[in-house]
Structures are given as structure tokens and as C-alpha cells.
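So the structure is just underneath, and the comments pick up after that.
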2 protein chains.
Amino acid sequence: MPRNRPDVAREEKIDDIVRVAARALREGGYEALSLSGVAQELGLARGAIYWYFASKDDLLVAAAKRIFDEALSSPPSLGQYAKRIEWAMEQLAMLGQVTSALRDRSHHSEAVASFETAFHRRLCDGLRNVLRPNVPAARLDDVADSVVVFVQGLLSMGLAPAVRRDRLKFLLRQLVPRVS
Amino acid sequence: MPRNRPDVAREEKIDDIVRVAARALREGGYEALSLSGVAQELGLARGAIYWYFASKDDLLVAAAKRIFDEALSSPPSLGQYAKRIEWAMEQLAMLGQVTSALRDRSHHSEAVASFETAFHRRLCDGLRNVLRPNVPAARLDDVADSVVVFVQGLLSMGLAPAVRRDRLKFLLRQLVPRVS
DNA sequence: ACCTGAACACCGTTCAAGT
DNA sequence: ACCTGAACACCGTTCAAGT
């Protein structure tokens with residue numbers, strides 16, 4: 001059996017690592033994301049990962065990116081704006097361990113910090129588009145930013161889904177005036 | 001030199017451990033809070049800590065409790081309600097590493113999770129008292145809960161202090177009607 | 001009751017050596 | 001270019017043995 005695999009494309013090998021890492025991260029958080037575990041599952045030595053990722057935090061970023069992309073890839077195309085926001089919130093709520101790992105590591109890794117910032121910007125941009133038909137242009141930026149902050153808060157508090165949804169509805173009633 | 005110190009009160013020894021642990025946690029987050037480090041700084045063996053704390057997460061809770069109590073112990077007695085909320089937010093903003101450590105570990109430890117819940121409740125209670133004179137009774141609970149969620153979101157996003165304050169002001173304008 | 005010292009089973013990271 | 005295997009310097013946790 002060959003020790004290395006020069007025949008397999010580099011992207012494919014990276015993809016294997018990220019896939020295994022993403023599952024560990026999603027299911028067990030930062031604690032469960034271990035280079036030893038990932039390597040073992042792929043039949044590699046621990047050190048092999050470092051040929052593709054400079055550190056555990058870099059692998060964390062790659063895994064989180066994949067998880068979020070997958071979770072937000074198929075939004076409901078129709079429906080009220082409130083339902084779409086709720087959908088995104090619930091998708092993210094299932095990934096609490098991922099979010100909190102990013103939050104914690106962003107204090108130690110520049111790569112994690114900048115990924116987190118980029119992700120927040122992405123959420124704000126998406127939300128602006130969803131809210132545009134329902135919010136006066138002058139208020140759009142403020143309202144979108146506020147809703148993202150609020151959702152982030154809801155997610156960071158580990159609330160029950162029903163409570164989460166009620167709080168979100170309350171805030172949307174306050175910020176998005178009924179068009180009449 | 002004596003190996004153990006039966007003369008020193010148990011509370012005092014616990015206090016030493018928590019004090020050292022709190023400083024490590026505040027300055028370097030969960031990563032820097034190591035039982036080895038704490039023990040070494042106190043001239044103890046690693047295992048000695050386990051006589052007082054059942055696990056690292058239990059020590060985390062004790063350290064976080066002390067840090068938050070200290071940070072919120074002397075609020076400005078006077079001033080606008082908005083200023084008091086802003087003060088509390090800024091106090092907590094300086095403790096981002098503590099908050100994110102609690103958030104991450106709450107998925108793995110029941111003790112951490114219930115401490116986090118209790119802390120959120122404490123914030124909501126305090127906020128209700130601050131807002132009571134300015135918010136109709138029927139809206140008080142919803143508004144207080146929303147503001148806590150919002151502040152939690154602001155803190156979890158690692159924003160610049162100025163941005164943070166602006167967002168908070170915007171939300172308070174939306175939720176707390178001018179009494180006229 | 002309290003503490004040590006060693007042991008256990010892990011980590012992330014580095015690197016000489018191999019293919 | 002890619003991967004191994006060993007080494008390094010750590011972890012948290014347990015526990016027999018001491019005081």
C-alpha cells in the first residue's frame with residue numbers, strides 16, 4: 001500500500017479532511033474537532049494534516065465555512081419576510097456549537113476573527129435584500145443590522161425554539177412598520 | 001515545609017484558586033485557564049485542585065462568577081437609563097473571552113449551562129428595574145428581554161465600541177417611546 | 001482532610017526521514 | 001509533493017500513597 005497518494009488531486013484530499021472535520025465540529029464543537037481524530041478517521045498520521053492546513057484554527061475556518069454554506073444553501077424561495085428570517089435563524093440555531101467555537105477562537109486566531117466578520121457581513125447583506133420591500137430605504141441599514149445583532153443574541157443565549165421565535169416576532173413588529 | 005495546610009481555612013484556599021483562575025480566564029480565555037498553570041502559580045500539584053473543584057468546568061463557573069460580580073458591582077447610581085445600560089454593556093464587553101468560554105462550554109457542562117441561564121436572568125431582572133420608569137408596564141417584560149438579547153448579540157459580534165454604542169442607541173429609540 | 005507524585009490517555013505542533 | 005513516525009511540550013483526570 002502506498003504511503004502517499006500523488007495520484008489523487010490535492011483538492012480532493014483537502015475535501016476529505018474538511019468533510020470529516022466539519023462533521024466532528026458540528027456534532028461535538030471545538031472539543032471534538034481534533035486533528036488526531038480527523039487523521040485517524042482518514043487513515044493518516046497526525047502530522048499529515050499540516051501539509052494542507054497551517055493550524056487547527058485554519059481547519060476550523062474551513063470546516064465552519066462548509067457547514068454554514070450547506071446550512072444556508074437552500075432558503076425557502078417564497079414566503080413572508082418574517083418566515084425567511086425565522087428559517088435562517090433556525091438553521092443557525094442547529095449550529096450552536098460551531099458558532100460558539102468560532103466566537104471563542106476568534107480571540108486567538110486572526111483567521112477565525114476575519115471569517116467571523118465576513119460571515120456577519122454576509123448575513124447583513126442577505127437580510128437587507130429580504131427586508132428591502134418592507135422597510136423605508138432610510139431605515140433599511142439600521143434595521144437590517146439590528147435584526148442580525150438580535151438574532152445573534154438569540155442564538156448566543158441557548159433559548160428554547162419557541163421562546164426564540166416569539167422574541168424575534170416581537171422585535172420585527174417593533175422595527176418593521178405595517179405598510180398600510 | 002508542610003505538604004498540606006490544615007491550618008488554613010478551606011474557604012481561603014478556595015479563594016486563592018478562584019482568584020488565580022479568574023485572572024487567567026479574564027486575560028487569556030478558556031485556553032489560558034489551565035489547572036496546571038493555576039496549580040503551579042499556587043505552588044500546588046495539579047491534582048490538588050480536584051479536592052476543591054470536581055472539574056475544570058466547575059472552576060470555570062466559579063471564576064466567571066467572581067469576574068462578573070466584580071465587573072457589575074459598582075454601577076453608576078445616577079444618570080439616564082440609557083447611560084446605565086451602556087455602562088453595563090461596556091463592562092461586559094471587556095470580558096468577551098469569559099463570555100465566549102462560558103458559551104462554548106455550556107454545550108458540554110450542565111454546571112456551565114445553568115450558570116449562564118442564571119446570569120441572563122439576572123441581567124433581565126436588573127434591566128427591568130432600570131427601564132420601569134420609562135416603559136409602560138404592559139411592555140416592560142418584552143422590552144427588557146429584547147434589550148438583553150440585543151446586548152448579548154452586540155457583545156457576541158466583536159464590534160468596535162463606537163459601533164456598539166450606536167446600535168444600542170438605535171434600538172433603545174425604537175423600543176422606549178419618548179414620554180411626552 | 002488535604003496534598004503529592006506518578007500514571008493514563010489524550011492534545012497541537014514540528015521535523016528528520018522516507019517515497 | 002506528500003506522508004510517516006517519533007519527539008516535544010503540553011493538557012485534564014485519577015489514584016495510591018503519604019501527612
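Remember, it's a predicted structure, so these values are computed and weren't measured experimentally. Sequence lines set the chain letters: A, B, ... in the order given, protein chains first and strands last, and positions in each chain run from 1.
- The backbone N or O of A:Gly158 sits nowhere less than 3.5 Å from a side-chain atom of B:His120 that would complete a donor-acceptor pair.
- With rounding to whole Å, B:Trp51 atom CH2 is found 13 Å from D:dT14 atom C1'.
- Going from atom CG of A:Leu59 over to atom C1' of C:dC11 covers 15 Å, rounded to whole Å.
- Looking at A:Arg105 and A:Glu116, no side-chain N of the basic residue comes within less than 4.0 Å of a carboxylate O on the acidic one, giving no salt bridge.
- With respect to B:Glu41 and B:Arg23, a salt bridge is recorded, a charged nitrogen being found less than 4.0 Å from a carboxylate O.
- In the region residues 14-35 of chain A, proximity to DNA chain D at under 4.0 angstrom, judged on heavy atoms, holds for none of the residues.
- If you check distances only, the side chain of A:Arg46 does reach the base of C:dG12 with a donor-acceptor pair under 3.5 Å.
- Atom pair A:Lys13:NZ and D:dC2:C1' shows a separation of 6 Å (rounding to whole Å applied).
- One atom, CZ of A:Arg5, and another, P of D:dC2, lie 11 Å apart when rounded to the nearest Å.
- Here, C:dA9 and D:dA9 have their P atoms 22 Å apart, quoted to the whole Å.
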side-chain hydrogen bond (donor to acceptor under 3.5 Å, both in side chains) for A:Arg103 and A:Ser100? Distances and angles first, verdict last. CA-CA 5 Å; A:Arg103 184 80 214 108; A:Ser100 63; over 6 Å; no
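- Within the nucleic acid shown, A:Gly43 comes within 4.0 Å of sugar-phosphate atoms alone, with no base atom in reach, counting heavy atoms only.
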Pair assignment for DNA chain C - dot-bracket with | for other-strand partners, Watson-Crick or G-U under 3.5 Å: ||.|||||...|||||.||
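- Remark: P of D:dC2 and CG of A:Leu44 are 13 Å apart, rounded to the nearest angstrom.
- Rounding to whole angstrom units, OH of residue B:Tyr50 and C1' of C:dG5 are separated by 15 Å.
- Hydrophobic cluster membership differs between B:Met94 and B:Leu155, with clusters built from Ile, Leu, Val, Met, Phe, Trp and Tyr side chains linked at under 4.5 angstrom.
- For A:Ser36, a side-chain nitrogen or oxygen approaches OP1 or OP2 of C:dG12 to under 4.0 Å.
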Stepwise salt bridge (charged side-chain N to carboxylate O under 4.0 Å, His left out) check, A:Arg19 with A:Asp16: CA-CA 5 Å; A:Arg19 180 172 38 77; A:Asp16 286 343; 2.9 Å; yes
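- With salt bridges taken as basic N to acidic carboxylate O contacts below 4.0 Å, none links B:Arg164 and B:Glu86.
- For the side-chain hydrogen bond (donor to acceptor under 3.5 Å, both in side chains) criterion with A:Asp125, the lone passing option out of A:Arg128, A:Arg121, A:Arg122 is A:Arg128.
- The distance from atom CD of B:Gln40 to atom P of D:dA9 is 14 Å, rounded to the nearest whole Å.
- We find that A:Asp15 and A:Arg66 are joined by a salt bridge, their nearest charged nitrogen and carboxylate oxygen being less than 4.0 Å apart.
- Between A:Lys56 atom NZ and D:dC10 atom C1' there is a gap of 13 Å when expressed in whole angstrom units.
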